[in-house]
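Letters A, B, ... mirror the listed sequences (proteins, then strands); counts begin at 1.
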Amino acid sequence: MLDMKYIRENPEIVKAGIAAKNEVENIDSLLDMDKKRRAVIVEVEELKKKRNENSNLVSQYKKEGKDAGGLIENTKLISLKIKELDAQLSKIELTINEELGKIPNMPHNSTPIGKDASDNKQIRSWGEIPSFDFKILDHLELGERLDILDFKRGGKVTGSGFPVYKGAGARLERALINFMLDWHIDKHGYTEIFPPFVANRASMFGTAQLPKLEDDMYYIERDELFLIPTAEVPLTNLHSNEILNVDDLPIKYTAYSACFRREAGSYGKETRGFLRVHQFNKVEMVNFVKPEDSYDVHERMLKEATELLELLKIPYRVLLLCSGDISFAAAKCYDIETWSPAEDRWLEASSVSNFEDFQARRASIRFKGEKGTKPQFVHTLNGSGLATSRLMVSLLENYQTDEGTVIVPEVLRPYMGGMDVIKRKYK
RNA sequence: GGAGAGGUGGCCGAGUCGGCUGAAGGCGCUCGCCUGCUAAGCGAGUGAGUGGGGAAAUCUGCUCCGAGGGUUCGAAUCCCUCCCUCUUCGCCA
């Protein structure tokens, strides 16, 4: 959420920012409402002051045994008027907050202005795109032949887009998750959280999945809860409505969670196998930092995520997203894409975003520094480190052999009971 | 799900028959004094949100005692609804 005061003082910048993000919002009408709001506040507060004075007078009159009847009658009328204005005010504020919630974060000045994914900038790449001297298989075929992935039966149990991992596949998935978590915890000082996988509406608003993405979220109507689309939601909202101590910053959380996305309207292309699923696994990193640190931390988190791919020896590239492709809440975002030999293209495996104070304002996450200074909003950042589904595609495909087996990346072997290759028959 | 207890400032905790209680007291914290050092002691200060005036320092108003509503001239205090925590019964991976 943007600061109303900022919008009031920089309407043109905000309008430009909204346009750069391919969003539409009527700033002028918002400014009108803001003006109206303040006018009503002035009026109602004047009346409240009067009411308070009168009430105190009534008390005084009664003590002195004087008749307060007229005063009470008069104050009754004032209270009536206050009630009316308060109702008007809360209606205005509700509308303002609703509109404010729909305004995207402003792109940072290092975010390139652009329309869509074609305007994203490649920052760097790592690893060789492998060439194979045999006919390669895609992850679906590999998964089926090795009997480690079962998309068909997942469809039977739940529906399409709910993959089943089996045998060495299940263990490999778990190995990936554990390897990544352990790395973040041991090497980068993250605190592990095992969060709830469902979240309430306030939390979903806090991290800005709502209102924009409501149709993409699974919703449990009976309990008014949402399945989390990412651990970012519980992790960030862990500190909602809190004032943190500056000495506690930065706070670094990492968590595994299953992630649920309806992906409404995206059936068709790019949905084969793991390319787009309704449930996938992800290790997430969330940082709460001082505003002046957030862009350095952003770079650090990018490294923390890409480092894993280097350890896994999977080729990747880093994109700096343009304003039109960046998420609603982000000011700046890097995507990390891994190479899929069978698809012959890059697949998004991670997003590392700086939200500045956008989420912090929505969820009211502040910190207090020096004595006498006002609490201010923290900056929040998150990054997948990493999502396993697309990563699994790259892993299986890059590590396949001409025998149809898959070599287990070295760093994962300790997590696989020492297994170094996945063959057809897994016990 | 049933029954009971409770939700007050960073924390603990008081709040009588509704009336200067934004809230006693304590802890913590900050600054100052004192003290070979540490500890103790003494003094002062210490919530947030949102308006208005002012170039600014700052002055001033309103709101907030889980959330929302109601009663009242006036509510942390009374009433209703909801949420959360604890105890207990039931159920259960």
Side-chain angles (χ1 to χ4, degrees), chain A residues 1-9 30-101 157 194-206 220-226 234 237-249 251 258 288 357 359-378:
Chain A
M1 188 143 60
L2 296 184
D3 184 3
M4 191 62 227
K5 199 186 280 174
Y6 178 82
I7 299 175
R8 201 184 298 150
E9 287 161 6
L30 182 64
L31 289 172
D32 282 348
M33 279 189 287
D34 175 55
K35 212 170 187 175
K36 180 104 190 276
R37 169 178 171 268
R38 283 180 297 151
V40 175
I41 285 177
V42 170
E43 195 182 349
V44 77
E45 285 190 355
E46 199 62 40
L47 290 171
K48 282 182 179 172
K49 188 180 176 187
K50 186 72 188 160
R51 181 187 64 186
N52 291 344
E53 287 169 357
N54 284 5
S55 297
N56 286 334
L57 274 180
V58 170
S59 163
Q60 202 178 312
Y61 279 17
K62 287 199 169 174
K63 268 182 210 158
E64 294 168 0
K66 285 198 237 172
D67 173 43
L71 197 54
I72 288 177
E73 280 312 305
N74 181 269
T75 311
K76 209 179 258 182
L77 292 177
I78 294 177
S79 284
L80 231 57
K81 183 70 184 164
I82 288 173
K83 203 169 185 178
E84 198 179 294
L85 287 173
D86 265 343
Q88 200 180 327
L89 184 61
S90 61
K91 202 172 161 191
I92 293 171
E93 290 185 332
L94 198 73
T95 314
I96 288 177
N97 282 334
E98 234 166 61
E99 293 308 309
L100 226 41
V157 172
F194 208 121
F197 291 180
V198 289
N200 58 30
R201 183 168 285 276
S203 293
M204 295 292 280
F205 180 83
I220 305 165
E221 204 162 342
R222 190 167 166 174
D223 298 299
E224 296 181 71
L225 295 170
F226 295 83
N237 284 288
L238 237 32
H239 291 297
S240 64
N241 297 310
E242 286 186 23
I243 299 178
L244 304 164
N245 193 318
V246 67
D247 298 330
D248 296 332
L249 300 178
I251 293 172
F288 301 78
D357 64 4
Q359 294 181 324
R361 184 169 275 113
R362 289 177 159 245
S364 189
I365 307 168
R366 292 173 292 170
F367 75 97
K368 204 167 179 179
E370 295 304 307
K371 201 74 202 166
T373 59
K374 284 266 166 195
Q376 52 179 320
F377 291 108
V378 298

Any side-chain N or O of [X] under 4.0 Å from OP1/OP2 of [N]?
| X | N | value |
| --- | --- | --- |
| Arg201(A) | C83(B) | no |
| Arg38(A) | G52(B) | yes |
| Asn52(A) | U63(B) | yes |

Closer to the 5' end of RNA chain B via nearest nucleotide, is it Pro375(A) or Asp34(A)?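 Per heavy-atom nearest nucleotide, the more 5' residue is Pro375(A).
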Those residues that, when tested against Asp32(A), pass salt bridge (Lys or Arg N to Asp or Glu O under 4.0 Å) (two or more places apart):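 With neighbours one apart ignored, the set is empty.
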Determine which nucleotide pairs with [N], using a 3.5 Å limit on both distances of a Watson-Crick or G-U wobble pair.
| N | answer |
| --- | --- |
| A3(B) | U87(B) |
| G45(B) | C29(B) |
| C73(B) | G19(B) |
| G61(B) | U50(B) |

Using the P atom as the point on both nucleotides, what is the distance between A67(B) and A56(B), in whole Å?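 Between the two P atoms, the distance is 34 Å.
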Say we look at C80(B) and G19(B): how far apart would their C1' atoms be, to the nearest angstrom?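 Rounded to whole Å, the distance is 24 Å.
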Distance-only, no hydrogens or angles: does the Ser90(A) side chain make a donor-acceptor pair with backbone N or O of Ala87(A) under 3.5 Å?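 Yes, the answer is positive, given that a donor and an acceptor are paired below the 3.5 Å cut-off.
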May I ask you to decide if Glu93(A)'s main-chain N or O and Arg37(A)'s side chain share a donor-acceptor pair within less than 3.5 Å?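 No, the answer is negative, given that no donor and acceptor are paired below the 3.5 Å cut-off.
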Under 3.5 Å, which protein N or O atoms sit close to an N or O of nucleotides 72-78 of chain B? Give each pair with its distance.
from	atom 1	to	atom 2	distance (Å)
C73(B)	O2'	Ser55(A)	OG	3.4
C73(B)	N4	Lys62(A)	NZ	3.2
G74(B)	OP1	Ser79(A)	OG	2.9
G74(B)	O4'	Ser55(A)	OG	3.1

Pick base, sugar-phosphate or nothing for Lys83(A), based on heavy-atom distances below 4.0 Å to the nucleic acid.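 Sugar-phosphate, no base atom in range.
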Heavy-atom check, side chain of Met33(A) versus side chain of Met4(A), under 4.5 Å: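 Side chain of Met33(A) against side chain of Met4(A), heavy atoms only: no contact under 4.5 Å found.
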Sort me out a list of protein N/O and nucleotides 7-13 of chain B N/O pairs below 3.5 Å, or just none if empty.
none

